[in-house]
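Reviewing the structure listed below.
Letters A, B, ... are given to chains in the order of the sequence lines, protein chains preceding strands, and every chain is numbered from 1. All values derive from a computational prediction rather than experimental measurement.
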2 protein chains.
Amino acid sequence: MSGKGKYHHGDLRQALIAAAVEFLADHPPADLSIRKLARSLGISEAAPYHHFADRQALELAVMAEGYALLRDRCLAAGQAGRGLEGLCAAYTGFALDHPNLFRLIHQSSAARNPANAVLYAISAEAFAPLLAEVRQRARAQGIDDEGQVGFLALMVWTQLHGLTDVLIADFLRLGDGHAAFCARAYRHIEGSLMAALDAVRRSPAPAGGDGR
Amino acid sequence: MSGKGKYHHGDLRQALIAAAVEFLADHPPADLSIRKLARSLGISEAAPYHHFADRQALELAVMAEGYALLRDRCLAAGQAGRGLEGLCAAYTGFALDHPNLFRLIHQSSAARNPANAVLYAISAEAFAPLLAEVRQRARAQGIDDEGQVGFLALMVWTQLHGLTDVLIADFLRLGDGHAAFCARAYRHIEGSLMAALDAVRRSPAPAGGDGR
DNA sequence: GTTGCAATCTTATCACTGATAAGATACCAC
DNA sequence: GTGGTATCTTATCAGTGATAAGATTGCAAC
């Protein structure tokens with residue numbers, strides 16, 4: 001059916017990735033084990049090595065799956081037109097629904113390394129809706145500088161990432177106040193972006209590293 | 001000399017922590033191993049278990065050491081009076097000098113869990129100088145609301161954390177442009193804070209979750 | 001000083017994991 | 001059908017986390 005086809009098992013490669021995602025639903029990334037996944041699928045403990053060179057290769061594939069889920073949410077939020085707040089909620093929502101998958105994705109820098117082409121591409125796709133949102137807001141202010149747009153989108157992304165880190169750790173013991181805190185944080189992010197755009201609009205090009 | 005005293009080895013507990021920090025200088029956190037540390041210290045491979053219940057306990061102690069280093073830098077930057085930019089530079093500087101230690105610290109939520117009292121306390125100490133800086137700037141604007149101060153300090157902290165994540169991954173392939181990019185990012189963080197303070201000053205209390 | 005106790009360290013051992021090699025099996029092209 | 005290749009299994013090794021039982025050291029009470 002697809003490119004890889006199916007031999008004995010069906011599609012063991014995908015099955016392993018899916019099993020890993022399921023495992024991460026209630027176990028930390030460090031507890032992932034090729035052998036456990038193999039046992040849970042009823043195959044021999046060495047079979048996975050015909051699809052993944054080593055544990056890291058499997059983890060990279062799982063990370064790609066995670067980024068794909070995140071990307072889908074971000075794309076959906078972008079198309080839903082719920083603005084910056086919707087994008088923020090998509091990001092934090094993904095992390096809260098899949099905290100261990102989110103941790104796996106971010107505890108290595110693999111996705112931010114162009115050497116991992118597939119991963120890098122998917123993570124860029126997840127970033128795209130936010131970039132588009134920032135670009136649109138910049139244009140609305142008469143700002144065309146793509147360097148500025150990229151930089152500011154990155155600032156929003158990193159702020160959102162840090163916020164999410166706090167949320168999944170339940171650092172603040174928010175309880176009922178969760179929604180209110182998130183709304184407040186999203187407002188802060190949006191306010192920061194608008195203030196930065198305003199500053200750019202009023203001053204010339206500040207130079208510095210490019211934004212992506 | 002100290003509470004724990006010295007028996008056979010001297011202070012194996014501290015020696016193990018120090019060896020782990022040294023190991024992390026050029027190995028990722030996942031490669032940490034109690035046995036390797038023991039061998040590097042010339043003791044039996046089971047000896048560490050008399051000082052740490054399990055691997056996680058050792059990691060928590062190493063994390064505490066890492067947070068202490070970070071705290072020291074933040075405190076020094078706070079006392080040096082180089083303002084918000086100095087605090088940002090202290091944070092990113094620590095992460096760039098000890099990227100694997102930084103990853104270890106953040107890949108678990110342990111420090112953000114009050115159940116790990118020691119760790120929680122040290123991380124709060126690391127946060128304190130930033131909190132003080134934000135408070136001072138808020139006061140200068142006539143803002144006394146500690147909830148607002150805490151929230152905004154947290155926003156700066158999370159933004160800084162996300163930025164640092166990008167920096168240690170060398171996501172942007174900055175090369176020579178590193179310093180310029182950092183300066184730009186620090187300006188952005190400072191601008192966001194000032195804009196948020198300005199917004200608070202001009203409007204009443206917006207309610208929402210408290211800031212810490 | 002000697003004795004007794006508790007902390008520390010060692011040796012031995014087990015279960016589990018990552019990883020490789022060699023052989024068996026199933027699919028596909030021809 | 002036949003051959004070749006991808007897939008899977010069994011067997012095996014090294015490294016790690018962890019525990020148990022015994023040896024050693026330091027300290028304190030007598």
Short side-chain N/O contact from A:S33 to OP1 or OP2 of C:dG18, under 4.0 Å: yes

Between D:dG17 (P) and B:L32 (CG): distance, integer Å: 9 Å

B:D31 backbone acceptor or donor facing B:K36 side chain under 3.5 Å: yes

Short side-chain N/O contact to D:dA6 OP1/OP2 from A:H51, under 4.0 Å: no

Spacing between B:E45 atom CD and D:dT19 atom C1', to the nearest angstrom: 14 Å

Distance in angstrom units between A:E59 CD and C:dT17 C1', rounded: 13 Å

Pairwise 5' ranking along DNA chain C for A:R39 and A:A46, keeping only the more 5' one: A:R39

Interatomic distance where CG belongs to A:D31 and P belongs to D:dT16 [whole Å]: 18 Å

d(CD, B:Q56; C1', D:dG17) in whole Å: 13 Å

Length of the CD1-P vector between A:I43 and C:dA26, whole Å: 16 Å

Protein-nucleotide distance (A:R35, atom CZ; C:dT17, atom P), rounded to Å: 7 Å

Any B:K36 side-chain nitrogen or oxygen under 4.0 Å from OP1 or OP2 of D:dT16: yes

A:R55 vs C:dG18: side-chain N/O to OP1/OP2 distance below 4.0 Å: yes

Closest nucleotide among D:dT9, C:dT11, C:dA19 to the A:Y49 side chain: C:dA19

Lys/Arg-Asp/Glu bridge criterion (N-O < 4.0 Å) met for B:E146, B:R135: yes

Gap between atoms CZ and C1', on B:F52 and D:dT19 respectively (whole Å): 18 Å

Aromatic ring pairing A:F102/A:H106, orientation class (parallel under 30°, perpendicular over 60°, tilted between): tilted

Whether B:Y120 and A:F171 hold their rings parallel, tilted or perpendicular, with breakpoints at 30° and 60°: perpendicular

Side-chain N or O of B:H50 closer than 4.0 Å to phosphate OP1/OP2 of C:dT10: no

Any residue meeting ring-ring contact (aromatic ring centres under 6.0 Å, His included) with B:F94, in chain and number order, not counting sequence neighbours: B:H98

